[in-house]
Amino acid sequence: MARQARAEITRDSVLAGAADVFLRLGYANASLSEIIAQSNVTKGALYFHFGSKEELARAVVDQGNERLISSCQGFFDPRVPALEACIGITYVVADLSMNDPMVGAMLKLTHQIGDYRGAQGDNIAKTWGDTYRLLAERAIAQGDLVPDLDAEVIGLLLQEMAAGVHIIAVGTESIDQMAVRMERAWYFLLPALVPPEKLSYFREFAARRLRRYVP
């Protein structure tokens with residue numbers, strides 16, 4: 001049991017070190033020697049758990065996605081209005097992109113690996129696309145989105161907005177501005193989505209969520 005616990009600690013150290021290196025250097029420029037140094041483990045210890053850089057990167061994708069899902073768990077409660085959940089999730093993405101290297105690395109790696117899959121083979125983009133679509137369906141049923149909207153189209157639009165804000169923030173080295181930019185995106189997008197009588201409420205809701213992350 002003690003040996004198994006040590007092995008798990010070593011694996012966690014490798015994943016944490018890899019996340020830091022992938023986040024800082026990107027997948028193409030990251031080397032296993034850099035990851036070994038960052039993780040403070042031996043080459044043999046790394047290869048005991050991971051057979052290649054790609055395998056390690058996909059494990060980071062899985063762990064980062066698990067952390068993101070865990071942090072968003074409260075928004076999956078059916079008692080939470082679905083549009084509020086959509087808004088809240090985008091701010092969690094912004095917050096963890098800046099403050100959790102595992103999630104930040106996962107978001108970068110899903111683009112850089114090329115097929116958006118972790119070690120388990122699940123397509124992360126499609127999984128989150130399904131989540132946004134289901135939330136859009138609920139938001140339409142709850143009357144918080146204009147009733148003639150197509151849930152599949154709106155779910156994809158919301159996913160594209162969140163992903164686009166992240167990509168531009170990473171590309172312009174301004175990840176610390178991601179939450180503010182998310183609020184601006186919601187401000188201009190909401191008039192096309194919600195009934196006019198609910199616009200002020202949801203704009204204010206998005207602004208209040210921002211204040212949780214940016215005083």
Side-chain angles (χ1 to χ4, degrees), residues 3-73 89-132 156 158-179 181-182:
R3 180 178 298 176
Q4 181 178 351
R6 286 197 300 272
E8 290 176 357
I9 290 171
T10 299
R11 186 178 188 276
D12 289 343
S13 296
V14 172
L15 284 172
D20 287 337
V21 174
F22 286 133
L23 188 58
R24 177 163 45 88
L25 300 179
Y27 179 74
N29 293 324
S31 67
L32 287 178
S33 59
E34 181 84 13
I35 292 170
I36 289 167
Q38 181 71 30
S39 306
N40 197 28
V41 299
T42 65
K43 182 177 180 180
L46 183 145
Y47 277 107
F48 176 80
H49 294 283
F50 305 102
S52 65
K53 184 173 77 169
E54 179 182 337
E55 184 179 332
L56 177 52
R58 292 186 187 279
V60 170
V61 168
D62 283 339
Q63 183 156 329
N65 193 47
E66 287 173 9
R67 290 192 187 186
L68 179 56
I69 291 172
S70 177
S71 295
C72 292
Q73 203 62 48
I89 287 170
T90 63
Y91 283 111
V92 172
V93 172
D95 178 52
L96 295 186
S97 295
M98 182 171 61
N99 295 311
D100 187 327
M102 194 68 66
V103 175
M106 177 272 289
L107 292 169
K108 287 185 71 171
L109 287 168
T110 52
H111 303 300
Q112 294 173 350
I113 292 176
D115 61 5
Y116 295 85
R117 299 183 187 277
Q120 305 304 315
D122 297 328
N123 186 307
I124 304 300
K126 287 184 178 179
T127 300
W128 279 101
D130 290 341
T131 298
Y132 281 108
L156 182 59
L158 298 180
Q159 182 183 17
E160 288 169 341
M161 179 195 75
V165 171
H166 174 261
I167 289 170
I168 297 302
V170 171
T172 58
E173 298 182 346
S174 54
I175 199 72
D176 60 321
Q177 293 296 308
M178 189 173 168
R181 293 177 183 178
M182 199 70 74

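Just so it is clear, the structure is predicted and the values come from calculations on it, not from any experiment.
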- Note on the structure: To the nearest 0.5 Å, atom OH of Tyr27 lies from atom CG of Leu56 at 9.0 Å

- Message: So, taking the atom named CZ in Arg117 and the one named CG in Asn65, what distance separates them when rounded to the nearest 0.5 Å?
- Response: 13.0 Å

- Query: So, for Ala18 and Ser39, which heavy atoms are closest and what is the spacing to 0.1 Å?
  - Reply: N-OG, 4.1 Å

- Item | Closest non-hydrogen atom pair between Ala59 and Ala119, with its separation | N-CB, 4.3 Å

- salt bridge (charged side-chain N to carboxylate O under 4.0 Å, His left out): pairs with one or both residues in residues 44-60, sequence neighbours excluded: Glu54-Arg58, Arg58-Asp115

Sequence neighbours left out, cut at 3.5 Å: what donor-acceptor pairs do the side chains of residues 100-110 make with other protein atoms?
{"residue": "Asp100", "atom": "OD1", "partner": "Arg67", "partner atom": "NH1", "Å": "3.0"}
{"residue": "Asp100", "atom": "OD1", "partner": "Met102", "partner atom": "N", "Å": "2.9"}
{"residue": "Asp100", "atom": "OD1", "partner": "Val103", "partner atom": "N", "Å": "3.4"}
{"residue": "Asp100", "atom": "OD2", "partner": "Arg67", "partner atom": "NH1", "Å": "3.3"}
{"residue": "Lys108", "atom": "NZ", "partner": "Leu23", "partner atom": "O", "Å": "2.9"}
{"residue": "Thr110", "atom": "OG1", "partner": "Met106", "partner atom": "O", "Å": "3.4"}
{"residue": "Thr110", "atom": "OG1", "partner": "Leu107", "partner atom": "O", "Å": "2.9"}

- Query: Got a second to check how far Leu15's CG is from Asp20's CG, nearest 0.5 Å?
  - Reply: 11.0 Å

- Message: Less than 4.5 Å apart, side chain to side chain, heavy atoms only: is that true for Lys126 and Tyr116?
- Response: no

Quiz: residues 41-51 side-chain donor-acceptor pairs under 3.5 angstrom, not counting sequence neighbours:
{"residue": "Thr42", "atom": "OG1", "partner": "Ala45", "partner atom": "N", "Å": "3.0"}
{"residue": "His49", "atom": "NE2", "partner": "Ala7", "partner atom": "O", "Å": "3.3"}

- Gln177 meets the side chain to side chain donor-acceptor pair (under 3.5 Å) criterion, sequence neighbours left out, with none

- Query: Between CG of Asp62 and CG of Asp122, what distance do you get to the nearest 0.5 Å?
  - Reply: 7.5 Å

- Task: Would you confirm whether Glu34, through its side chain, and Asn29, through its main-chain N or O, come within 3.5 Å as a donor-acceptor pair?
- Result: no

- Exercise: identify the closest heavy-atom pair between Ile113 and Ala57: CD1-CB, 3.9 Å

- Please confirm whether the backbone N or O of Val21 pairs with a side-chain atom of Gln38, one donor and one acceptor, at under 3.5 Å? no

- With sequence neighbours excluded, residues passing side chain to side chain contact (heavy atoms under 4.5 Å, CB included) with Thr172: Ile168, Ser174, Arg181

- Query: Quick check: are there more than 12 heavy atoms from other residues, nucleotides or ligands sitting under 6.0 Å from CG of Asp12?
  - Reply: yes

- Atom pair CG (Leu96) and OG (Ser70), whose distance is rounded to the nearest 0.5 Å: 9.5 Å

- Message: Please give me the minimum heavy-atom distance between Tyr91 and Ala179, naming the atom from each residue.
- Response: CE2-O, 3.5 Å

- Could you tell me the separation between the CD1 atom of Ile89 and the OG1 atom of Thr131, rounded to the nearest 0.5 Å? 7.0 Å

- Task: Quick one: list whatever passes side chain to side chain donor-acceptor pair (under 3.5 Å) with Asn99, sequence neighbours left out.
- Result: Asp95

